Amino acid sequence: MDEELRREVMRLRRTTRVTMLLVLVVSASAFWQARGRTTFDEVDVQRINVKEPDGKLRLTISNHARLPDVVVGGKSYPLRGGTGVQSAGLIFFNDEGNEDGGLAWAGRQTPDGYHASAALTFDQFNQDETVSIEYQDANRQRRAGLAVIDRSEQPIQPFAESLMVIRAISDTVERNRRMTQFRESVVSRGAISAQRLFAGKQPDKSAVVTLSDRSGHPRLRLAVDSLGIGRIDFLDANGRVTRTLTGMDAR
Amino acid sequence: MSDRSAPSRRRLDAAARHLYVGAATTFGVLGIVAFTHANQKQRFQEIDVERINVIASNGKPRLVISNAERAPDVIINGKTYHRSGANEAGMIFYNEEGSENGGMGFSGHSRNGHVTADAGFMFDQYGQDQTVGLTYDEQDGRRSAGLRVWDRSDQPINVLADMVEPIKRMPDGPEKTRRMAAVRDSAAKLGLGGAQRVFVGKQPNKVATVLLADAQSRPRLRLVVDSAGTARIEFLDDAGKVVRTISGTDK
């Protein structure tokens, strides 16, 4: 009996040793796997974060629900969304961890038709998008092309701070009043953006190349309109066409 | 021996029990950790993968990143179609409704001394085909590359895709080519095709150009620097005839 028990215990010990060894191997291989390269045939994910060795985020690839907050000046602002557009896609971050562009797309039926949009954008340093390939469509009102934009010399972070304060106001009337006031103050400070170049098509079904001045006023416009008529317009700062070239002009 | 074995047996017994409980607990914990890990955040230094599906929380795809082999067929308005041209490595984007709405693909190979290469980044019109994109195409040194903007039909692409799909399933040969051309022709007459409205880039004949076209994809206004370095602006009529040219030598 005694001997039997001893043998039993020995067996148990051996089993335990083997078990512990297995645990060790499993943990070690898990650890090794996490450190080295891992191979999959196919994975389903809701979000991928690409990070630097120090943990700094450089790229997220995600569905809409897991889009990261806006990060500017090293601070996160939950300002994304609020427009009802459920974009998914990629968000880029610079070496300081601040957002510097993205690639996002969305499209779905709405109660009054449909809405769709997509854009690949690169941001000016510490500012908003400065070059983009984009598509905007609301119930067949379509704009698609390449846009280049001047952005304010001032960083965007104070703008985000103000927006956070305004969005936190619970009274709708007061919130809208403050938002209008804020927009006006931005314009009066000269912190506006100006589209300098657009090559694409516009909602009026024209195909255009538009070059604009630093205030965003078109000054030279190449267009083929919805009827197929081509023209080149020179414009003044007030939007008045000062010279037009067409195919019908006498040589 | 026997008088010392009683307490020692108890000790061994207790030790074995402890080890058993310990091992079982470790395995249990590891199992739970592995399970929750599968649903939470994991960290890898590098992953090798043939396909990544970025899915919404409801399981619908928002993005597929894959090699050519595992690239998905076209899914639009709940129906699956063969892609025109081969599936390529890259990314496919999907809107909130799970319909394809753009993508990025690239391929290139040299076979029997012949080079074929292309790359494209596209956003699709809602429920339709590409409306803006960056493209590169090459056949044995004949290259085109640039920005393109297209008009697409107001009808969903399924109307055209349903016409073309049975032909795509036919074996390659003159009969398939003939029927495909016939279907494309009738589709164009029904207004189901598209029209390129803007091209900014270079063409196989080594011209750099900005080209604006009408709704029937006929070029109507063209800026060109040709292969010899000569610059000109051309207005064209709806028959493709140049009706006016402006060049650097005009007075």
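All figures in this text were calculated on a predicted structure; none of them were measured in a lab. Just so we're on the same page: letters track the sequence lines, and every chain starts at 1.
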Point to revise | Heavy-atom pair count under 4.5 Å with chain B, highest-scoring of Asp137(A), Val26(A), Leu222(A) | key: Leu222(A)
Review point. Tell me, which pairs form a salt bridge (charged side-chain N to carboxylate O under 4.0 Å, His left out) where one or both residues lie in residues 197-211 of chain A, sequence neighbours left out?
Key: Lys201(A)-Asp151(B)
**Study point:** Side chain / backbone / both / neither for Gln216(B) at chain A, heavy atoms under 4.5 Å
**Key:** neither
Check your understanding: Taking atom types as modelled and ignoring hydrogens, do the side chains of Ser206(A) and Asp225(A) form a donor-acceptor contact shorter than 3.5 angstrom?
Key -> no
Practice item. Using non-hydrogen atoms and a 4.5 Å limit, figure out which bit of Val9(A) sits close to chain B: side chain, backbone, both or neither. Key: side chain
**Study point:** Leading residue by heavy atom contact count with chain A [cutoff under 4.5 Å; candidates Leu223(B), Asp237(B), Val210(B), Asp154(B)]
**Key:** Asp154(B)
Exercise for review: Name the region of Leu120(A), side chain, backbone, both or neither, that has any atom closer than 4.5 Å to a heavy atom of chain B.
Suggested key: both
Revision key, fill the gap. Here the pair of heavy atoms bringing Glu100(B) nearest to Asp73(B) is OE1-O, 4.2 Å
Check your understanding: Do you know the tightest heavy-atom contact between Gln155(B) and Ser153(B)?
Key -> N-OG, 2.9 Å
Revision key, fill the gap. Among Ile61(A), Leu90(A), Ile232(A), the residue with the most heavy-atom pairs under 4.5 Å to chain B is Ile232(A)
Point to revise | Pair Glu8(A) + Arg11(A), salt bridge at N-O below 4.0 Å | key: yes
Revision key, fill the gap. Cut-off 4.5 Å, heavy atoms of chain B, and the answer for Leu12(A) is side chain
Point to revise | Minimal non-hydrogen separation, Asp112(A) against Asn139(A), with atom names | key: O-ND2, 3.2 Å
Review point. Which bit of Phe121(B) is near chain A, if near means a heavy-atom gap under 4.5 Å: side chain, backbone, both or neither?
Key: side chain
Exercise for review: Go through Val198(B), Val49(B), Asp214(B), Asn67(B) and name the one with the most non-hydrogen pairs under 4.5 angstrom from chain A.
Suggested key: Val49(B)
Practice item. Name the member of Ile48(A), Leu22(A), Leu227(A), Val208(A) that forms the most heavy-atom pairs with chain B at distances under 4.5 Å. Key: Val208(A)
Point to revise | Which atom of Val132(B) lies closest to which atom of Ala144(A), heavy atoms considered | key: CB-CB, 4.0 Å
Review point. Any sub-3.5 Å donor-acceptor pair from Asn63(A)'s side-chain atoms to Arg66(A)'s backbone N or O?
Key: yes
Study note, to complete from the structure: Turns out that what part of Tyr126(B) lies under 4.5 Å from chain A's heavy atoms comes down to both
Revision key, fill the gap. Given Ser117(A), Ala119(A), Pro53(A), the one with more heavy-atom pairs under 4.5 angstrom with chain B than any other is Ala119(A)
Exercise for review: Count the heavy-atom pairs under 4.5 Å between each of Arg148(B), Arg70(B), Met91(B), Glu234(B) and chain A, then report the option with the highest count.
Suggested key: Arg70(B)
Exercise for review: Measure distances from Ser62(A) to the heavy atoms of chain B and classify the residue's part below 4.5 Å as side chain, backbone, both or neither.
Suggested key: backbone
Point to revise | Any donor-acceptor N/O pair, Asp69(A) side chain to Ser76(A) backbone, under 3.5 Å | key: no
Practice item. Determine, for Glu97(B) against Arg108(A), whether the closest basic-nitrogen to carboxylate-oxygen distance falls under 4.0 angstrom. Key: no
Exercise for review: Please state whether the side chain, the backbone, both or neither of Asn49(A) comes within less than 4.5 Å of a heavy atom of chain B.
Suggested key: side chain
Check your understanding: Picking from Asp236(A), Asp213(A), Asp233(A), what satisfies salt bridge (Lys or Arg N to Asp or Glu O under 4.0 Å) with Arg219(A)?
Key -> Asp213(A)
**Study point:** Whether over 12 other heavy atoms sit under 6.0 Å from Arg231(A) CZ
**Key:** no
Point to revise | Contacting moiety of Ile55(B), where chain A heavy atoms sit under 4.5 Å | key: both
Review point. Non-hydrogen atoms of chain B under 4.5 Å away: do they reach the side chain of Ala116(A), the backbone, both or neither?
Key: side chain
Review point. Between Ile233(B) and chain A, which part of the residue has a heavy atom less than 4.5 Å away: side chain, backbone, both or neither?
Key: side chain
Point to revise | Which atoms of Val200(B) approach chain A - backbone, side chain, both or neither, heavy atom under 4.5 Å | key: side chain
Practice item. Considering only heavy atoms and a distance below 4.5 Å, find which of Arg197(B), Arg220(B), Lys60(B), Glu96(B) pairs most often with chain A. Key: Glu96(B)
Review point. Got a sec, which residues hit side chain to side chain donor-acceptor pair (under 3.5 Å) with Arg196(A), two or more places apart in sequence or on another chain?
Key: Asp150(A)
Point to revise | Heavy-atom proximity to chain A below 4.5 Å, by part of Asp238(B) | key: neither
**Study point:** Toward chain A, the part of Arg218(B) with a non-hydrogen atom under 4.5 Å
**Key:** neither
**Study point:** Approximate separation, where rounding is to 0.5 Å, of Ile75(B) CD1 and Thr80(B) OG1
**Key:** 4.5 Å
Review point. Based on non-hydrogen pairs under 4.5 Å, which of Val23(A), Val50(A), Asp44(A) is most in contact with chain B?
Key: Asp44(A)
Check your understanding: Hey, which of Gly127(B), Ala213(B), Gly102(B) has the most heavy atom pairs under 4.5 Å with chain A?
Key -> Ala213(B)
**Study point:** Interface residue of largest heavy-atom contact number with chain B, from Val45(A), Leu103(A), Thr16(A), under 4.5 Å
**Key:** Val45(A)
Check your understanding: Any luck finding a side-chain donor-acceptor pair between Thr249(B) and Ser247(B) under 3.5 Å?
Key -> yes
